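Report on the following structure.
Residue numbers start at 1 and run along the sequence shown. Read the numbers this way: they start at 1 and go in the same order the structure lists the ligands and their atoms. This one's a predicted model, so the numbers in the text were calculated from it and none came from an experiment.
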Amino acid sequence: MVIYKFGGASVRNADAVRNLAKIVSQYPRQLVIVVSAMGKTTTALEELVKLYVDGWFNAEGKASRKPLTQAPDESQIADIENWHHFKNRAFEKLEEIKNYHLEIVHDLFSDPKHQVYEDVDVYFSSLTGMLNSEPSTNYDYEYDRIVAFGEIISTRIVSHYLNLENILNEWIDARKCIKTTNFYRDPKIDWESTSKLVPLGFHFKRTKIHITQGFIGSTSDNHTTTLGREGSDFSAAILAFSLNAEYITIWKDVDGVYNADPKWIEKSERLQKISYHEAIELTYYGATVIHPKTIKPLQNKRIPLYVRSFISPENPGTLIHSFDAPNIGANSGLTIPVFIRKPNQVMISVKTFDFSFVAEDNLSLLFGLFAKYRVRTNLMQNSAISFMACVDYDATKLPKLVRDLSSEFDVEVTEDLELITIRHFTPEVIEQIIGDKKIIIQQRSRVTARFVLGK
Ligand code: ASP
Ligand code: MG
């Protein structure tokens, strides 16, 4: 049994879906297909949630509290107008998303009576119903139950299309099998329930193909959760782990993992193979080809992962597995340097007010605050009385973190930085990449050199 994962780009229009069908049809044995939302649907749904929730609480909440018998005062009139404005925009957004999907459906299914039309309609009616009812005060909960529709709808369409093409398959709701904690938008997997439920759901009794959604799961009381942006890779790995898959293939619009983003470094090269260890390091440092959480479950069961191109499926792609051959950097599978660039970094520099050392007490206070707001440090450094952390820019989390830090420390924030990591570096490649750029921090270990660069 094998897992194929198709991301948003691989189902972004009708031709892409036809191409998916072609790739799938060439696999002769039991297969699980994990599919993302179509094209940029997740981002569009994120915008929809924002319009819906913000609109409701900024305006509707206040406006509706006024007894109907009293004429609304001026501020309330503004609120009501504001609410209508948001509501209209939310419905416009929904219409946009619906039309995008319908266009693909029309292109794929010539029979207007095909079941797919009714299915898609039902999903969009549920979304309309949600937008018309009052949201809870938990934004992340609202996000998960709405954004998940992207995957539900895309997999329905693809499943129907494959059946139409005689690639018989059974659609499975991933939320019945992938169980998580109720930390919406960033839950932990309940591995015990999940690894029991997945083999029950994916049983291959009626068809040799199962199709399901990436990115989504549900809590023990069946509320929808999402696993984080680009989380479909992780879903595929969870299924592979629970089903003891032979291997996973992630089909992408690039033909493997490269040693640098080709848009950044022209002479980048495809890596034929890399070890799990190397892959997890690369994703940790910011390589975006695969979701960082994907590797661990695969490594635990030694399940190989291929990254291949759905545009050129004849190309071998990159294999991620365990390699024993001695290469650069203990068994990394690598023979060339790898460059990773993380733009949009923020440096948070913290000093103690009273010249006390940044020792155990202060550090645990600092880490506690970073953990509280789930701000991940990409690089950190400390001296006697100061601590610096480089983090991703985040307009919602960082102001809260900085506010809390400021009550305990002297805090300085520098935006617009870039973090460059070079694995398996040589002095020559550092010279080439860094040259005379403005270095704010640099750190080197045996295999990894890292630079925070300013403008
Ligand atoms: N559809 C989700 C996203 O765009 C998950 C994924 O594609 O992996 O982030
Ligand atoms: Mg995607």
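- There is no side-chain donor-acceptor pair under 3.5 Å between D144 and H223.
- Near R229, with a cut-off below 4.0 Å to any heavy atom, the atoms of ligand 1 are 3 (C), 4 (O), 9 (O).
- Aromatic ring centres of Y247 and Y306 lie closer together than 6.0 Å.
- Under a 4.0 Å criterion applied to the non-hydrogen atoms of S36, ligand 1 contributes the atoms 6 (C), 7 (O), 8 (O).
- For the pair R374 and F183, the cation-pi criterion (under 6.0 Å, within 45° of the ring axis) is fulfilled.
- Near F215, with a cut-off below 4.0 Å to any heavy atom, the atoms of ligand 1 are 2 (C), 5 (C).
- When each atom of ligand 1 is checked for a heavy atom of S232 under 4.0 Å away, the hits are 5 (C), 6 (C), 7 (O), 8 (O).
- Between Y393 and Q345, the side chains place no donor N or O within less than 3.5 Å of an acceptor N or O (distance only, hydrogens not considered).
- A heavy-atom separation below 4.0 Å is not found between G214 and ligand 1.
- One side chain, K179 or N222, offers a donor N or O that lies under 3.5 Å from an acceptor on the other.
- Residue T42 places at least one N or O, backbone or side chain, under 3.5 Å from an N or O of ligand 1.
- Under the 3.5 Å distance criterion, with hydrogens and angles disregarded, no donor-acceptor pair is assigned to the side chains of Y285 and R423.
- Taking every heavy atom of E151 and a limit of under 4.0 angstrom, the matching atoms of ligand 1 come to 1 (N), 2 (C), 5 (C).
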